[in-house]
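Accompanying notes for the structure given below.
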Amino acid sequence: MAECIFCKIAEGRVESQTVYEDEQVKAFYDLNPQAPVHVLIIPKEHLTNALELTAERTALAGHLVVVASRLAQQLGIAESGFRLVLNCNEHGGQAVDHLHFHLLGGRQMNWPPG
Ligand code: AMP
Ligand code: ZN
């Protein structure tokens, strides 16, 4: 989508601090980090949110999680622990309407989340 900020990042039209990229996904540091490690993992294809992860996109959904898990290890937060967050729509706190996982770590997380 032409005006979607994460599509622009996926296409390299807007700069980001990229930590991982392949044909299907891109991972980059969040502009407003909520933890010492805060990375966003997005599909390059514009999907609005988790509701568009339908059965035919099972492989993509799995790939996003595998990339997140691998990045947690590479970024040194696997042993201490991390949180993988997927906000959806208003009550979920979704601000950017392009599917993204938040990988958060490097500090103690609280439960329940705010
Ligand atoms: P959400 O509330 O789940 O939609 O999260 C959107 C996230 O995107 C927020 O944590 C923002 O800080 C982050 N964000 C917005 N614009 C950018 C950008 N250009 N580069 C990196 N992160 C961004
Ligand atoms: Zn998009």
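The structure presented is a predicted model; accordingly, all values stated were derived computationally and were not measured. Read the numbers this way: they start at 1 and go in the same order the structure lists the ligands and their atoms.
Looking at Gln34 against ligand 1, nothing comes within 4.0 Å, counting heavy atoms.
Among heteroatoms of the N, O or S kind in His98, ND1 lies nearest the Zn ion (ligand 2). For His46, the N/O/S atom at the shortest distance from the Zn ion (ligand 2) is named ND1.
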Determine, step by step, whether Phe28 and Val19 satisfy the side chain to side chain contact (heavy atoms under 4.5 Å, CB included) criterion, reporting the C-alpha distance in whole Å, the side-chain angles of both residues, the deciding distance to 0.1 Å, and the verdict. CA-CA 5 Å; Phe28 51 94; Val19 284; 5.6 Å; no

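Any N or O atom pair closer than 3.5 Å counts here, and Phe28 shares no such pair with ligand 1. The shortest N or O to N or O distance between His38 and ligand 1 is not under 3.5 Å. Residue Ala95 places at least one N or O, backbone or side chain, under 3.5 Å from an N or O of ligand 1.
Ranking protein heavy atoms by distance to atom 2 (O) of ligand 1, first place goes to Gly93 O, 2.9 Å. Residue, atom and distance of the protein heavy atom nearest to atom 8 (O) of ligand 1 are Phe6 CZ, 3.4 Å. Closest to atom 1 (P) of ligand 1 among all protein heavy atoms lies His100 NE2, 3.1 Å.
Ligand 1 is approached by Ile9 to a heavy-atom distance shorter than 4.0 Å.
Atoms of ligand 1 lying under 4.0 Å from at least one heavy atom of Tyr29, given by number and element, are 21 (C). Ligand-side atoms of ligand 1 in range of His102: 1 (P), 3 (O), 5 (O), 7 (C), 10 (O), range being under 4.0 angstrom from any heavy atom. Against a heavy-atom cut-off of under 4.0 Å, Asn32 is close to the following atoms of ligand 1: 12 (O). Set against the non-hydrogen atoms of Asn87, the atoms of ligand 1 under 4.0 Å away are 1 (P), 2 (O), 3 (O). Every atom of ligand 1 with a heavy atom of Leu40 under 4.0 Å away is listed here by number and element: 8 (O), 13 (C), 22 (N).
Between Phe6 and His98, the ring planes lie perpendicular to each other; the angle is over 60°, past the 30° to 60° tilted range.
Between Ile77 and Leu103, the closest side-chain pair of non-hydrogen atoms falls below 4.5 Å.
The backbone N or O of Arg57 lies less than 3.5 Å from no partner atom in the side chain of Glu52, so there is not a single donor-acceptor pair. The backbone N or O of Val25 lies less than 3.5 Å from a partner atom in the side chain of Asp22, making a donor-acceptor pair. In this structure, Arg107 contributes its side chain and Gln34 its backbone to a donor-acceptor pair below 3.5 Å.
The distance from atom CD1 of Ile9 to atom NZ of Lys26, rounded to the nearest 0.5 Å, is 7.5 Å.
Remark: among candidates Leu31, Asp30, Val14, the nearest residue to atom 17 (C) of ligand 1 is Leu31, based on non-hydrogen atoms.
Between Asp97 and Asn49, the side chains place no donor N or O within less than 3.5 Å of an acceptor N or O (distance only, hydrogens not considered).
Salt bridge Lys44/Glu21: present, at least one basic N to carboxylate O contact under 4.0 Å.
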